[in-house]
Amino acid sequence: MTDSENTRGDLVDLPESTTTAPIAGLVLAGGRSRRMGTDKASLQWPDDTAEPMLARIVRTVAERCDRVYVVAAQESSAYRLLHGTGGPEAVWVTDEEPGTGPLGGLAAGLAAAAADGFGLGFVCATDMLLIGPGLIDELARGATPSTQAVIAHDARRDHPMAAIYRTSSAPVVADLVAGGERRMLAVLDALETRRVPVSEPEWLTNVNAPEDLHDLRVS
């Protein structure tokens, strides 16, 4: 099997080349932050900038993506606390179906990026504080014409919320949501997927609880 082959679920090392196609950035910020106890998107990054987590993520994603979309319903804490308060430029997508979780956010974000003419969308969560532009570079190298999703992979698991998706896959994701599916991992079975081992596993760190944020502050 060669690197150019694209079979469902391949785990591959990619050559040193990258796509030149425009990429939209999709930051999923509509979560309820149950374990954190407060909205994660508005929490301050643990340094002297006192910048909300969402703003930091948007700035980082914008280093590689031509336009950044923040996906969060108007009823979400992220929208109520941060929309219209300034910060880095982003387009808010607010039409995700309530109660559908990150999978619903993915469907809404991909549809919005597709409507604006983007063929690729890099997707991440608002709590991935250590994400770097290099992650987008590494995933972009796997974006072949026949690949619908390029998923970050580490030694433990797949990360469907650290991935590049074809925006043309939006209807497939929407159909999953309409059928009652809520698991992000379901997209791996529904799409032609390539798994990419990333060079810096810390890019994939999630801040889910207060102790996670504390660990970052003291590290």
Side-chain angles (χ1 to χ4, degrees), residues 3 11-29 40-41 43-72 78 82 86-93 102 105-106 109-110 112-114 116-144 147-155 157-167 184 193-207 212-213 216-217 219:
D3 285 337
L11 178 61
V12 297
D13 292 301
L14 298 172
E16 292 300 321
S17 62
T18 186
T19 181
T20 58
I23 301 176
L26 308 176
V27 182
L28 306 186
K40 289 187 285 188
L43 285 175
Q44 293 181 353
W45 169 247
D47 66 9
D48 294 335
T49 65
E51 186 174 45
M53 288 188 188
L54 178 59
R56 180 179 177 87
I57 294 295
V58 169
R59 290 186 192 281
T60 300
V61 173
E63 292 185 41
R64 291 293 186 272
C65 295
D66 297 81
R67 184 178 301 166
V68 181
Y69 299 79
V70 175
V71 185
L82 295 174
E89 182 178 354
V91 177
W92 285 78
V93 177
L106 175 62
L110 290 175
D116 287 342
F118 288 97
L120 298 173
F122 167 74
V123 175
C124 68
T126 190
D127 62 0
M128 298 176 66
L129 288 181
L130 301 184
I131 195 172
L135 172 61
I136 303 173
D137 294 338
E138 293 185 12
L139 293 173
R141 288 197 286 268
T144 63
T147 305
Q148 294 175 295
V150 184
I151 306 293
H153 178 88
D154 62 19
R157 62 188 179 93
D158 296 321
H159 294 265
M161 290 179 67
I164 286 178
Y165 294 88
R166 291 275 169 194
T167 62
M184 279 294 292
T193 299
R194 171 169 282 178
R195 293 169 170 86
V196 175
V198 298
S199 63
E200 302 290 342
E202 61 267 25
W203 285 333
L204 307 176
T205 301
N206 294 102
V207 178
D212 298 331
L213 187 60
L216 284 181
R217 285 174 171 154
S219 62

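Here the CG-CG distance, from Asp127 to Asn206, works out to 4.5 Å after rounding to the nearest 0.5 Å. Rounding to the nearest 0.5 Å gives a distance of 8.0 Å between CG of Leu139 and CD1 of Ile151. Rounded to the nearest 0.5 angstrom, Met128 CE and Trp203 CH2 are separated by 10.5 Å. Within the model, atoms CD1 of Ile164 and CD1 of Ile23 stand 4.0 Å from one another, a figure rounded to the nearest 0.5 Å. Expressed to the nearest 0.5 Å, how far CG of Leu204 lies from CE of Met161 amounts to 12.0 Å. Rounding to the nearest 0.5 Å places CD of Glu202 at 13.0 Å from CG of Leu129.
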Yes or no on side-chain contact (heavy atoms from CB on, under 4.5 Å) for Arg195 and Asp158, after CA distance, side-chain angles and deciding distance? CA-CA 7 Å; Arg195 293 169 170 86; Asp158 296 321; 2.9 Å; yes
Would you sort out whether Cys65 and Ile136 count as a side-chain contact (heavy atoms from CB on, under 4.5 Å), showing the intermediate values? CA-CA 9 Å; Cys65 295; Ile136 303 173; 4.2 Å; yes
Assess whether side-chain contact (heavy atoms from CB on, under 4.5 Å) is satisfied between Glu89 and Val68, documenting all intermediate values. CA-CA 8 Å; Glu89 182 178 354; Val68 181; over 6 Å; no
I would like to know whether Ile131 and Ile57 meet side-chain contact (heavy atoms from CB on, under 4.5 Å); could you show each step before the answer? CA-CA 8 Å; Ile131 195 172; Ile57 294 295; 3.7 Å; yes
Does the pair Gln148 and Thr193 meet the rule for a side-chain hydrogen bond (donor to acceptor under 3.5 Å, both in side chains), with working shown? CA-CA 6 Å; Gln148 294 175 295; Thr193 299; over 6 Å; no
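Asp66 is linked by a salt bridge (Lys or Arg N to Asp or Glu O under 4.0 Å) to nothing, counting only residues two or more places apart in sequence or in another chain. With sequence neighbours excluded, no residue forms a salt bridge (Lys or Arg N to Asp or Glu O under 4.0 Å) with Arg166.
Under the 4.5 Å side-chain criterion, counting only non-hydrogen atoms from C-beta, Asp154 is not in contact with Pro197. For the pair Leu28/Cys124, no side-chain contact is recorded, criterion being any heavy-atom separation below 4.5 Å from C-beta on.
Pairing each heavy atom of Ala152 with each of Val198, the nearest pair is CB-CG1, 3.8 Å. Of all heavy-atom pairs between Ala55 and Pro88, the closest is O-CG, 3.5 Å. In plain terms, the two heavy atoms of Val150 and Gly142 that are nearest each other are CG2-O, 3.4 Å. Nearest heavy-atom pair, Val27 versus Ala125, reported as atom, atom and distance to 0.1 Å: CG1-C, 4.3 Å. Of all non-hydrogen atoms in Val58 and Ala90, the two that sit nearest each other are CG1-CB, 4.2 Å. Nearest heavy atoms, Pro160 versus Met184: O-CE, 3.6 Å.
Side-chain N or O atoms of Asp137 include none that pairs as donor or acceptor with a backbone N or O of Ala140 at under 3.5 Å. With hydrogens and angles ignored, the 3.5 Å screen pairs no side-chain donor or acceptor of Thr147 with any backbone N or O of Ala143.
A side-chain contact (heavy atoms from CB on, under 4.5 Å) with Tyr165 holds for exactly one of Leu120, Leu26, Val123; it is Val123.
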